[in-house]
Amino acid sequence: MRHVVTDADTATTVGSGDVPVLSTPQLIAWMEAETVHAAAPFTAAGQTTVGTALRVEHVRATPVGGKVDVSADPPPSPTGRRLTFRVRAVDDAGRLVATGEIDRAVVDRESFLAAALDPEHPGEAS
């Protein structure tokens, strides 16, 4: 997935810093979106995945107008409901922007939403 950094993506705009470069929250959102696509083959009808953890190191600033390619490699042999994706972002010069892992859990969409909306057990969706 290729992205071009806009003013809306900067740390200044997002509120995560005071410099006009790609914000870490926006970069992570792009990485998570890539894991959603990469997780699709691991879900059955009625299932989806939800993010559960991330470990990302943002190592290079990218200015407005810069291009960032984001990739997510699925686990080689997933077991159970947990999927760990290796994520990576590189700029248009091929330099590493960020690397890490994002975990997703396979859940039943309806059960997950019902639990999330249950006022008796908020935050206990699984």
Side-chain angles (χ1 to χ4, degrees):
M1 220 180 257
R2 175 166 274 204
H3 301 274
V4 177
V5 179
T6 68
D7 288 326
D9 303 317
T10 65
T12 306
T13 301
V14 172
S16 65
D18 63 1
V19 289
V21 297
L22 176 61
S23 71
T24 301
Q26 183 59 58
L27 176 60
I28 289 171
W30 291 344
M31 290 176 145
E32 280 206 282
E34 187 64 17
T35 67
V36 169
H37 287 94
F42 302 103
T43 59
Q47 291 182 324
T48 190
T49 61
V50 295
T52 59
L54 56 94
R55 296 161 299 284
V56 173
E57 187 176 1
H58 190 173
V59 298
R60 180 176 299 280
T62 308
V64 171
K67 295 174 183 67
V68 177
D69 289 313
V70 176
S71 61
D73 295 324
S77 52
T79 57
R81 298 178 332 132
R82 300 283 177 193
L83 304 171
T84 299
F85 294 87
R86 295 195 45 90
V87 292
R88 181 175 168 88
V90 297
D91 65 17
D92 54 349
R95 297 174 299 204
L96 183 67
V97 172
T99 187
E101 294 180 328
I102 296 179
D103 299 336
R104 299 192 71 77
V106 177
V107 299
D108 177 83
R109 181 179 279 109
E110 287 185 27
S111 297
F112 179 85
L113 288 174
L117 299 173
D118 182 353
E120 296 295 316
H121 302 95
E124 294 181 19
S126 60

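These figures come from a predicted structure and were not determined experimentally. Just so you know, these numbers use all the heavy atoms, side chains as well, and skip hydrogens, waters and symmetry mates.
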If you compare all heavy atoms of [X] against all heavy atoms of [Y], which two are closest, and at what distance to 0.1 Å?
X     : Y      : result
Pro75 : Thr84  : CD-O, 3.5 Å
Arg82 : Ala105 : NH1-CB, 3.4 Å
Leu27 : Ala89  : CD1-CB, 3.9 Å

With rounding to the nearest 0.5 Å, note down the distance linking [atom1] in [X] to [atom2] in [Y].
X      : Y      : atom1 : atom2 : value
Arg109 : Thr43  : CZ    : OG1   : 8.0 Å
His3   : Lys67  : NE2   : NZ    : 13.5 Å
Arg88  : Met31  : CZ    : CE    : 9.5 Å
Asp69  : Arg2   : CG    : CZ    : 4.0 Å
Ile28  : Thr35  : CD1   : OG1   : 11.5 Å
Leu54  : Ile102 : CG    : CD1   : 5.5 Å

Same apolar cluster (I L V M F W Y, side chains within < 4.5 Å links), Val56/Val5: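 Val56 and Val5: one cluster.
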Joint cluster assignment, Trp30 & Val14, ILVMFWY side-chain distance < 4.5 Å: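 Different hydrophobic clusters.
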[Y] and [X], any side-chain heavy atoms less than 4.5 Å apart:
X      : Y     : value
Thr99  : Val59 : no
Arg60  : Leu96 : no
Arg104 : Val36 : yes

Of all pairs that satisfy side chain to side chain donor-acceptor pair (under 3.5 Å), the ones with a partner from residues 5-22, not counting sequence neighbours: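 Checked against side chain to side chain donor-acceptor pair (under 3.5 Å) - neighbours excluded - the pairs reaching residues 5-22 are Thr6-Asp9, Thr10-Thr13.
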Under the side-chain contact (heavy atoms from CB on, under 4.5 Å) test, residues paired with Glu34 that sit two or more places apart: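 Applying side-chain contact (heavy atoms from CB on, under 4.5 Å) to Glu34 gives Met1, Val70, Ala72.
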Test side chain to side chain contact (heavy atoms under 4.5 Å, CB included) applied to Val107 and Thr49, Val50, Thr52, the passing residue: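 Filter result, single survivor: Val50.
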Side-chain (Gln47) to main-chain (Ala44) donor-acceptor, under 3.5 angstrom: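 Yes: the side chain of Gln47 pairs with the backbone of Ala44.
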Ring pair (Phe, Tyr, Trp, His ring centres under 6.0 Å) contacts in which one or both residues fall within residues 37-82, not counting sequence neighbours: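 Sorted result for residues 37-82: empty, none.
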